[in-house]
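All values below come from the heavy atoms of this structure, side chains included, with hydrogens, waters and symmetry mates left out. Predicted model only: the values in this text are computed from it and were never measured. A note on names: the letters A, B, ... follow the listed sequences, proteins ahead of strands, and every chain is numbered from 1.
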Amino acid sequence: MDEYGRFEWALVFDASKPGPVYSLFHLDVNFIRIGDVESKMAREIPKAYEPNEVEQRWAKAWFEQKLFRAENSGYGPRFSIALPPPNVTGSIHIGHMLEHTQIDMLVRWHRMRGERTLWLPGMDHAGIATQFVVERMLAKEGIKRQDLGREEFERRVWKWKQESGGVIKEQMIRLGASCDWTRERFTLEPALYRAVLHAFLRFYREGLIYRGRYMVNWCPRCQTAISDLEVVHHERTGEIWNIRYPLIGADGKPSGTEFLVVATTRPETMLGDTAVAVHPDDDRYRGYVGRRVLLPLMNREIPVIADTYVDREFGTGVVKITPAHDPNDFEVGKRHNLPEIDVMTPDGHMSEVAGKYAGMERFAARGRIVADLKELELVESVKEHMHAVGTCDRCKAIVEPRVSTQWFMKMAPLAEPAKQVVRSGLIEVVPDNQRTVLLNWLDNIRDWCISRQLWWGHRIPIWHCADCKEMVPATDSRVEIVDGHARAAGVPTKCPKCGGSKLTQDPDVLDTWFSSGLWPFSTLGWPDDTKDLREFYPTSLLISGYDILFFWDARMIMMGIHLMSDPNLNTGDISTLIPFRQLYLHSLVRTAEGAKMSKTKGTGVDPLQMTEQYGTDALRYMLASMAAPGTDIILSEDRVLGARAFANKIWNAARFLFVNLEKIEAQGISLEDLAAPEIRARAPYAVPGEASLAHRWIFSRLSAVSAEVNDALEGFRFHEACQTIYHFFWDDFCDWYIEWLKPQLAETNRDVAVPAWRNILTVFDAALRLLHPAMPFITEELWHKFPQRAGASRVAAEALASSQLADGTGDAGAPGLVSIALEDYPQPNSDWPDRNAENEMALLQEIIIAARNVRAEMKIEPKKKVPADLSAADGGFRRIIEVNLEAILRLGALSSLKVSQGRLDSAGAAIRSTAQFDLRIAYGEAVDKAAEMAKAKKEIERLEKDIASKEARLTDESFQSKAPVEVVRNMEATLADRKTELVKLRARVTQLSS
RNA sequence: GGGCGACUAGCUCAGUUGGUUAGAGCGUUCCCCUCACACGGGAGAGGUCCAAGGUUCAAGUCCUUGGUCGCCCACCA
């Protein structure tokens with residue numbers, strides 16, 4: 001892969017499936033320069049939207065044009081965000097896609113608001129996970145990593161990384177993620193390796209990293225220590241055995257009758273028992289403390305000790321103490337100076353000190369031991385027992401607590417400032433309830449085991465002196481490139497303590513989350529004081545799943561605050577040290593059963609496959625529209641279909657515009673005249689005469705919708721943003737505005753047609769820009785069918801004009817980039833809100849709907865237009881109705897509408913009434929009188945109930961005195977309307993029954 | 001053992017600070033292949049907001065208790 005990430009497209013493969021999979025950018029798609037994709041295909045829009053070709057074309061164009069380089073964004077406030085680096089263990093799944101969609105929506109939104117925007121992508125080497133995947137692949141060839149040796153194994157993993165990383169990148173590009181790929185990073189690349197060494201050495205010098213022999217979680221499958229967080233507890237029904245330990249009598253021999261009975265769920269560990277403990281205040285056993293028991297099977301005498309750790313209520317009140325295999329026993333052992341006997345090997349077999357069980361697999365040994373004890377009649381009882389079993393997060397093997405020598409990081413001192421910034425809101429956590437979760441975890445933080453007995457990762461930069469065992473750190477954090485990959489270059493040559501020269505590097509590597517913890521700043525060039533670091537740190541926002549809140553988010557906060565406090569880089573003001581200002585925890589995608597998606601369980605959904613089926617935009621929209629903060633998402637095909645239909649609707653709205661454009665172009669009016677950027681900028685255009693209402697209304701709506709969408713995105717309410725735009729586009733724009741305007745657009749009178757066209761194209765363009773963050777491909781495609789100017793060059797020109805470039809704030813970006821992604825995001829416009837237009841439009845819509853309703857109820861033939869009468873008391877209303885008569889007749893399918901003031905004779909007619917008007921359509925032959933009647937009666941019932949409850953409320957004195965005046969007024973007004981409606985309905989019923 | 005979340009239309013889910021007759025998508029019923037769209041248009045039906053108490057002029061929304069389900073954390077043999 002070269003510097004700009006051109007990689008081999010031809011053959012890539014996926015961990016879960018054998019053989020090649022995606023070839024996203026078909027080679028026959030020619031390179032298209034953004035801006036060249038003009039409206040040449042505008043006249044040949046297919047009837048149904050076919051997303052695949054469009055998406056591939058744009059994904060490729062965006063990528064190759066480096067459209068999303070930070071330099072191509074505006075010069076407003078900075079907005080920076082680091083991609084949670086996907087593991088290079090395979091391909092991305094639907095969960096990634098949800099995350100990337102949300103990030104991308106916000107990134108595109110900020111970019112369109114003219115902010116200096118950086119979304120920095122990259123990948124994580126994912127030590128244990130990747131090593132696991134590669135080991136599994138090797139196992140298919142019958143090879144173990146030990147057969148290959150460390151260097152060769154690492155080479156194999158690197159090879160895997162190139163392939164897998166390529167796939168992930170390709171997928172992300174294909175899914176429209178607007179990352180700045182010129183800044184792509186990888187946790188094991190030289191620069192980041194150096195950052196890791198730098199961080200480690202600093203923590204080590206400060207005494208925050210130490211080495212010691214402690215109880216850790218050991219995975220016998222992976223053969224490495226893992227951190228507490230990597231242990232997943234599962235409730236399981238197991239067995240608990242009560243075992244008799246014979247007491248040693250005064251004669252120094254085991255008694256045949258006196259026993260202490262201990263309970264255990266792991267009998268195999270008894271081989272390492274070095275004591276038996278009781279509570280010091282337990283009267284039952286007071287006399288036994290200080291005596292000895294004979295450890296069965298091993299025939300080793302061990303003491304009976306007293307320790308308050310023992311719970312008198314549990315079991316028999318006697319506990320076997322196995323300091324090498326249980327965290328509590330380890331502590332007890334320390335307090336009582338007990339020996340630690342490790343009876344297990346790293347791979348989960350019984351060790352050579354396990355007597356005759358040596359070499360047996362741990363669970364086989366358990367069975368054998370129980371059988372032997374039974375034989376000796378030392379098993380007093382066996383019971384079923386529910387308990388939590390710890391398993392390895394990665395490979396699911398049962399974890400053994402085990403004493404071993406590992407590297408640890410002291411967390412309490414780092415947690416303090418982290419708590420401070422979270423508690424004070426300096427880092428805002430959304431949703432807020434997660435803040436409590438985070439603070440609780442920080443309050444109970446424990447030291448972090450950071451060493452792993454793996455080969456894939458950053459090797460610990462400490463050397464051990466063979467002679468005096470002194471630990472010698474690397475001289476500095478420099479790295480050298482060997483075999484194409486980084487390693488520590490500051491190799492110490494001499495032991496500073498004894499002068500010995502036999503130094504060997506510690507074999508362990510660091511937990512993968514150690515390097516992840518540095519991600520927000522290591523990717524920006526830290527530990528160097530780079531331009532990017534100065535410009536983009538602290539990042540604005542972190543979006544991650546709540547499942548890695550402790551693994552990653554919390555550690556970034558702790559490590560960021562600590563490491564960025566380097567006096568050379570920073571003033572020490574804590575608000576400049578934090579890695580991100582906001583933390584948004586997104587929901588997880590779950591299966592229908594509510595379980596987490598899992599590739600190993602085969603419940604994962606392949607986003608690329610869904611993309612090909614439904615279109616990326618549809619999938620993105622579906623995910624975003626379901627992403628309400630704080631709730632998990634269960635995928636449903638219905639929702640994707642709905643989203644696809646939406647994309648199709650957008651497509652066809654455009655199709656309508658372009659097809660009809662031809663007609664007006666025939667009159668010598670060009671698209672340029674109607675939709676050039678400067679033309680659109682001056683909208684809305686006044687349409688002469690009576691036709692203005694719909695225009696005033698749609699711009700009023702557009703302003704309101706812009707406000708709502710911006711507001712929703714500000715608060716991470718993606719679903720609300722989606723729903724608002726959806727409703728605006730489909731209902732307001734398509735169903736009402738387009739329909740309303742059809743005659744105007746076809747008008748031969750240019751004074752009407754031109755402003756109408758300018759307005760509708762302006763609104764459509766705004767709608768595309770509103771939609772763009774959620775549906776980038778279709779909006780880019782359609783937007784390019786209009787005359788556009790170059791976005792990036794505009795940005796640069798503006799910057800030059802305000803001389804921002806002169807002081808080195810950045811280069812001008814590539815000239816000539818034309819993309820909706822570089823356009824302005826629609827904002828509310830204070831000139832547009834028009835309450836009258838909204839009210840009037842609402843009234844007219846009600847009339848039209850009433851007409852349609854009557855037609856449907858009366859089963860009038862769809863094509864047959866019928867005459868109607870309308871009565872309204874308000875003169876203003878009558879005027880509005882008369883002015884907009886054409887639209888009412890057309891959309892309500894009426895042949896005429898006689899507007900009057902008086903009461904309408906309802907004999908032989910169907911009537912729809914509201915408080916404002918009555919609409920009357922004469923009966924045809926086939927009318928279901930009974931149905932009309934039933935309907936009216938039902939409505940009357942509802943009204944009566946409503947009126948009764950409102951009257952009760954309004955006559956209640958405390959309501960009158962305590963409720964806000966406005967609420968009371970509103971209710972009075974509504975009540976009056978209801979009463980009017982009721983009177984009309986009653987009259988109607990009387991007439992029907994006569 | 002702690003903590004968190006969910007329970008609203010047949011299904012999947014919205015409902016920010018309590019305030020008119022609780023919304024959407026899908027499904028469903030009826031009518032339409034009307035010259036942008038059947039991935040469409042039009043008109044409907046459909047909900048005692050898990051239960052019981054409480055606070056309030058007013059509760060899907062706040063409080064308490066209980067139920068069902070899910071998740072996270074936790075060294076009880």
Within the structure shown, what part of the strands sits under 4.0 Å from A:R855 by heavy-atom distance: base, sugar-phosphate, or nothing? nothing

A:P862 has its side chain closest, among B:rC31, B:rC39, B:rA77, to B:rC31

Within the sub-3.5 Å range, which N or O atoms of nucleotides 41-47 of chain B have a protein N or O partner, and how far apart are they?
from   : atom 1 : to     : atom 2 : distance (Å)
B:rG41 : OP1    : A:K649 : NZ     : 3.0
B:rG41 : OP1    : A:W730 : NE1    : 2.5
B:rG42 : O3'    : A:R852 : NH1    : 3.3
B:rA43 : O3'    : A:N853 : ND2    : 3.2
B:rG44 : OP1    : A:N853 : ND2    : 2.5
B:rG44 : O5'    : A:N853 : ND2    : 3.4
B:rG46 : OP1    : A:K938 : NZ     : 3.1

Between A:R644 and A:Y614, is NZ or CZ placed under 6.0 angstrom from the six-membered ring centre and within 45° of the ring axis?
no

Determine whether any donor atom in the side chain of A:N328 lies under 3.5 Å from an acceptor atom in the base of B:rC75, or the reverse, and answer yes or no.
yes

Could a donor-acceptor pair under 3.5 angstrom be found where the side chain of A:E739 meets the base of B:rA36?
yes

Query raised in the report: Is A:E846 salt-bridged to A:R912, cutoff N-O under 4.0 Å?
Result: no

Result for 5'-nearest mapping on RNA chain B, choosing between A:L657 and A:V967, is A:V967

Sugar-phosphate, base or nothing in reach of A:M215, heavy atoms under 4.0 Å = nothing

- Passes salt bridge (Lys or Arg N to Asp or Glu O under 4.0 Å), A:E939 versus A:K984? Steps please. CA-CA 11 Å; A:E939 185 62 25; A:K984 289 177 175 180; over 6 Å; no

A:H325 NE2 to B:rA77 C1', in whole Å, measures 15 Å

To the nearest angstrom, the CE-P distance between A:M386 and B:rA77 comes to 11 Å

Closest to the side chain of A:K863, out of B:rC33, B:rC76, B:rC57, is B:rC33

A:H727 atom NE2 is separated from B:rA24 atom P, nearest whole Å, by 9 Å

Among B:rG5, B:rC30, B:rC75, the one nearest any side-chain atom of A:P327 is B:rC75

query: Would one find more than 12 heavy atoms of other residues, nucleotides or ligands at under 6.0 Å from atom CZ of A:R284?
result: yes

Taken to the nearest whole Å, CD1/A:I633 to P/B:rG25 is 19 Å

Quick note, A:H387 side chain, CB onward, closest among B:rG19, B:rA77, B:rA36 is B:rA77

Per atom distances to the A:H719 side chain, the nearest of B:rA77, B:rA36, B:rA14 is B:rA14

Kindly indicate, with the supporting measurements, whether the criterion side chain to side chain contact (heavy atoms under 4.5 Å, CB included) is fulfilled by A:I760 and A:L745. CA-CA 9 Å; A:I760 200 171; A:L745 298 176; 4.0 Å; yes

Exercise. Looking at every strand, decide which applies to A:P401 at a 4.0 Å heavy-atom threshold: base, sugar-phosphate, or nothing.
Key: nothing

Just to be sure I understand the rule, does A:K320 reach a base, reach only the sugar-phosphate, or reach nothing, if contact means heavy atoms closer than 4.0 Å?
nothing

Judged by nearest nucleotide, the residue sitting upstream toward the 5' end of RNA chain B, A:F646 or A:Q434, is A:Q434

Fill in: Sugar-phosphate only, base, or nothing, as touched by A:V659 at under 4.0 Å among non-hydrogen atoms
nothing

Closest to the side chain of A:K47, out of B:rG19, B:rC37, B:rU12, is B:rC37

**Request:** Return the orientation label for the A:W651 and A:Y49 ring planes: parallel under 30°, perpendicular over 60°, tilted otherwise.
**Result:** tilted

For A:R969, report the nucleic acid contact type (base, sugar-phosphate, nothing); a contact means any heavy atom under 4.0 Å.
nothing

Touch check for A:R942, heavy atoms < 4.0 angstrom, all strands: base, sugar-phosphate only, or nothing? base

From CD1 of A:I243 across to P of B:rA77 the rounded distance in Å is 14 Å

| message | What's A:Y309 touching, base or sugar-phosphate or nothing? Going by heavy atoms closer than 4.0 Å. | response | base

Discussion item. Just by distance, no angles: are the side chains of A:T322 and A:K320 close enough, under 3.5 Å, to form a donor-acceptor pair?
Written reply: yes

Separation of B:rC72 atom C1' from A:R435 atom CZ, nearest Å, is 19 Å

If you measure only the distance, is there a donor-acceptor pair under 3.5 Å linking the side chains of A:Y245 and A:D273?
-> yes

